Amino acid sequence: MSPALVRAAAAPLQDGELLAAIDLGSNSFHMVVARYMLGQLRTIDRIRETVRLAEGLDGKGGLRTDVRQRALECLARFGQRIRDIPPERVRAVATNTVRALSAPQAFLVPAETALGHAIEVVSGREEARLVYLGVAHAQPPKAGQLRLVIDIGGGSTECIIGSGFDAIERESLQVGCVASTRRFFPNGKLSRKRWKEALTEVGAEFQQFAGIYRSLGWNEVLGSSGTNKAIGEICAAMKLTKGAVTAEALPAVRDRLLQADSIDAIALPGLSDDRRPIIAGGVLVLEAAFEALGIQRMAVSKAALREGVLHDMVGRAGDDDPRDTSIAALMQRYAIDAKQASLVEATALHLFDQVAETWELNADDRLMLGWAARVHELGLAIAHSQYHVHGAYVLEHSDIAGFSRQEQQFLAALVRAHRRKISKSNFNALPDRLLAAARRNAALLRVAVLLHRAHETEAISQLDAAAEGPALAIALSKRWLEARPLLRADLAGEPDDLEALGIVLAIEQI
């Protein structure tokens, strides 16, 4: 496997370094390359290709062969452009359509090979956070003001209320320009009756959170991504606005659109041929959003998800990694014993540092082990019995800001495996490229948890680790062990348990 497919943790950025963000959207694939200079990002290249990934969904979680091939060819071209950028400075994210696949690895494995880099699948709410981050950096918000950001993608629509650079409320709806066009106008026919019925259905999606959003309020509304930009350009071409979308202009755009009796016949001023096949769904979703949320005016942002990914990379390379904040929030929410978690983390990382080189574990793996150690007792807030199972479920299925789906699955696998028998299905959700690191980290976490089972504050007098291939040797003070019969009993049974990880454990007394 290419080393680039296992993304390394980012060291601090240096002036002149290049970064690249790739957005595998449901309509278009985007790539932006930027140079980091004096704390700022300077865009030096952009590539956009219309792939229409959502068009290939077959309704059963599969992807049509021709659409899959179209996507892989696009990614191969992207991969050529970023071939010389270090893997830790490249981040690729996949959104709604890949989330909808029943077997995402069947697409992701060849996609990662074509691109030459790992691809992360992000949840709808994480997508929303990244969109807001991109918009906020492109158009810095005024202090103390709230803004609503709406991003209409190909397969989903994200709505975010934020303050400064922080998203306060995040929602992701399963309505987008490609998906809604296919769903409500499957034969390409347009009619006012069908539009009204569709508007009611889409409006119901927005009504689920409209009350909360309207009670919070906002000072301005910004629309991001290609659909909102296209509708703004139509408004300008029709001389309704100077590029914004307003509550007065949008019905005029819709009425002009519905003068056509089919999608192929749509003739809107300022509309590109590339956007025509999906504009009906985009206008429909935006009209539903305006009605449900009571929007009067929406300006168009020049930034979107990919810019947010770039700025998130800058944060991860500095002291502003949102994943640290999310783990701290989980610890507080589930009343995790911070002192015990700190002891387990310190021991787990001490073991990691001794075996990382021989086990080929990288800085990203170290981060994941540390976070797993901090939240390994999360499930105790639910029940003591099977608490590792409860904790793993929460970690895998919650919306945790900053984490991709694969990262959450990685954390969940470590927490699920940190005690008791290790299930054969424990690592099934992980892509192959993460399996070795996950199993090795799980072994280190198990040993660290065992060593601190008694919740002692006394330091472990001596602890050494060595690894080679599947073998892991742990050396402990004989005198220290003799005073701890429970620990000796636990350690005696641990080699049998670790066989499920493919690891041969040896406990040595010195």
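This is a predicted model, so every value here is computed, not measured.
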Peer 1: Got a sec, which residues hit side chain to side chain contact (heavy atoms under 4.5 Å, CB included) with Ala204, two or more places apart in sequence or on another chain?
Peer 2: none

Peer 1: Roughly how far, to the nearest 0.5 Å, is CG of Asp320 from OG1 of Thr325?
Peer 2: 7.0 Å

Peer 1: Quick one: ring pair (Phe, Tyr, Trp, His ring centres under 6.0 Å) partners of Tyr393, sequence neighbours excluded?
Peer 2: His397

Peer 1: Give me each pair satisfying salt bridge (charged side-chain N to carboxylate O under 4.0 Å, His left out) with a member in residues 29-41, each pair once, sequence neighbours excluded.
Peer 2: none

Peer 1: Residues in salt bridge (charged side-chain N to carboxylate O under 4.0 Å, His left out) with Arg70, at least two apart?
Peer 2: Glu55

Peer 1: Are the side chain of Ser191 and the backbone of Arg194 linked by a donor-acceptor contact shorter than 3.5 Å?
Peer 2: yes

Peer 1: Can you run down the ring pair (Phe, Tyr, Trp, His ring centres under 6.0 Å) pairs that involve residues 24-70, sequence neighbours left out, and say none if there aren't any?
Peer 2: none

Peer 1: Compare every heavy atom of Leu199 with every heavy atom of Ala288, then report the nearest pair and how far apart it is.
Peer 2: N-CD1, 3.6 Å

Peer 1: Kindly say whether Arg91 contributes a backbone atom to a donor-acceptor pair with the side chain of Glu120 at under 3.5 angstrom?
Peer 2: no

Peer 1: On a heavy-atom basis, which atom in Ala20 and which in Val33 lie closest, and how many Å separate them?
Peer 2: CB-CG2, 4.2 Å

Peer 1: Regarding Arg316 and Glu407, does a basic nitrogen lie under 4.0 Å from an acidic carboxylate oxygen?
Peer 2: yes

Peer 1: According to side chain to side chain contact (heavy atoms under 4.5 Å, CB included), who are the partners of Ser123, at least two apart in sequence or on a separate chain?
Peer 2: Arg125, Glu126, Asp399

Peer 1: Taking only residues two or more places apart in sequence or in another chain, which ones pass salt bridge (charged side-chain N to carboxylate O under 4.0 Å, His left out) with Glu248?
Peer 2: none

Peer 1: Please enumerate all residues that pass side chain to side chain contact (heavy atoms under 4.5 Å, CB included) together with Asn219, with sequence neighbours excluded.
Peer 2: Gln145, Leu146

Peer 1: Sequence neighbours left out, what passes side chain to side chain contact (heavy atoms under 4.5 Å, CB included) with Gln207? Give chain and number order.
Peer 2: Ala210, Ala292

Peer 1: When you check the gap from the basic side-chain N to the acidic O, do Asp321 and Arg323 get nearer than 4.0 Å?
Peer 2: yes

Peer 1: Which residues pass the salt bridge (charged side-chain N to carboxylate O under 4.0 Å, His left out) test with Glu360, not counting sequence neighbours?
Peer 2: none

Peer 1: Show every ring pair (Phe, Tyr, Trp, His ring centres under 6.0 Å) that has at least one partner inside residues 131-185, sequence neighbours left out.
Peer 2: His137-Phe165, His137-His311, Phe185-Trp195

Peer 1: Return the minimal non-hydrogen interatomic distance between Val300 and Gly243, and the atom names on each side.
Peer 2: CG2-O, 3.6 Å

Peer 1: Could you give me the CA-CA distance, side-chain angles and deciding distance for Asp15 and Leu38, then say whether side-chain contact (heavy atoms from CB on, under 4.5 Å) is met?
Peer 2: CA-CA 6 Å; Asp15 277 354; Leu38 301 174; 3.5 Å; yes

Peer 1: Locate the shortest heavy-atom distance separating Ala442 from Leu414; write the atom from each residue and the value.
Peer 2: N-CD2, 3.5 Å

Peer 1: Does a donor on one side chain sit under 3.5 Å from an acceptor on the other, for Ser26 and Thr97?
Peer 2: yes

Peer 1: Please list, chain by chain and in numerical order, all residues satisfying salt bridge (charged side-chain N to carboxylate O under 4.0 Å, His left out) with Glu287, sequence neighbours excluded.
Peer 2: Arg254

